[in-house]
Amino acid sequence: MQYWLMKSEPDDVSIDDLMASPNHTTAWYGVRNYQARNFMRDQMQPGDGVLFYHSSCPQPGIAGLAVIASGPYPDASQFDPNSHYHDPKATQEQPRWISIDVQGTQKTRLLPLAEMRSIAALEDMLVLQKGSRLSITPVTPAQWKAIVTLLA
DNA sequence: GCCAACGTTGGC
DNA sequence: GCCAACGTTGGC
């Protein structure tokens, strides 16, 4: 059992979009970074906890909680020539990119990035480090507990 | 729009 | 394998 933070642009998929999806579940598509892909492929397990983070928006921060709801499978958007995420080097036989299902469990109050930075227990969070851009980062049990307690 | 930081590409 | 150039991310 591990914990993760996953960034989503709310203009694309917001916490409200996630909670409005069938069974509160959606495919996490469009990851085009090998490190993030490898987390999905090699480490994420159904039942892992997810902090759902809104990025590239007026109020960046944690907007809800979710769980991993499937194992890895090929990201369909890599095969779609009309998709922004199309990858001409990917084939059905040898896909490069991975999706995983994410199920929302709770929309929380927004925990803004600035507030996260003010919490001592979170100072080592990867997403708060200078230059951090990874869209998927591991979260420690202590960090998870601090955030869930704060948002309860 | 700016800019720092990081990742990828491709010539050599 | 090096590294410059370019593209992307994402907060501000």
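Letters A, B, ... are given to chains in the order of the sequence lines, protein chains preceding strands, and every chain is numbered from 1.
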Tell me the interatomic distance from A:Gln129, atom CD, to C:dG10, atom C1', rounded to whole angstroms. 16 Å
Determine whether a donor-acceptor pair (N or O, by modelled atom type, separation under 3.5 Å) exists between the side chain of A:Asn23 and the backbone of A:Thr25. no
Short side-chain N/O contact from A:Tyr34 to OP1 or OP2 of B:dC6, under 4.0 Å: no
To the nearest angstrom, how far is A:Asp87 atom CG from B:dT8 atom C1'? 13 Å
Mind calculating the distance between CE (A:Met125) and P (C:dG11) to the nearest angstrom? 13 Å
Close aromatic pair by centroid cut-off 6.0 Å: A:Trp97 and A:Tyr73: no
Counting side-chain heavy atoms from C-beta on, which of B:dG7, C:dG10, B:dT9 comes nearest to A:Asn33? B:dG7
Could you tell me how far apart A:Asp11 (CG) and C:dG10 (P) are, to the nearest whole angstrom? 14 Å
Figure out the CE/P separation between A:Met116 and C:dC12, and round it to whole Å. 12 Å
Protein-nucleotide distance (A:Leu128, atom CG; C:dC12, atom P), rounded to Å: 10 Å
Ranking B:dA5, C:dG10, C:dC12 by distance to the side chain of A:Leu113, first place goes to C:dC12
Between C:dT9 atom P and A:Leu134 atom CG, what is the distance in whole Å? 12 Å
Any salt bridge between A:Arg32 and A:Asp75, counting N to O under 4.0 Å? yes
Would you say the side-chain atoms of A:Ser14 pair up with the backbone N or O of A:Asp17, donor to acceptor, closer than 3.5 Å? yes
So, does A:Lys130 get its side chain near the phosphate of B:dA5, meaning an N or O under 4.0 Å from OP1 or OP2? yes
Return the value, rounded to whole Å, for the distance between atom CZ of A:Arg133 and atom P of C:dG11. 12 Å
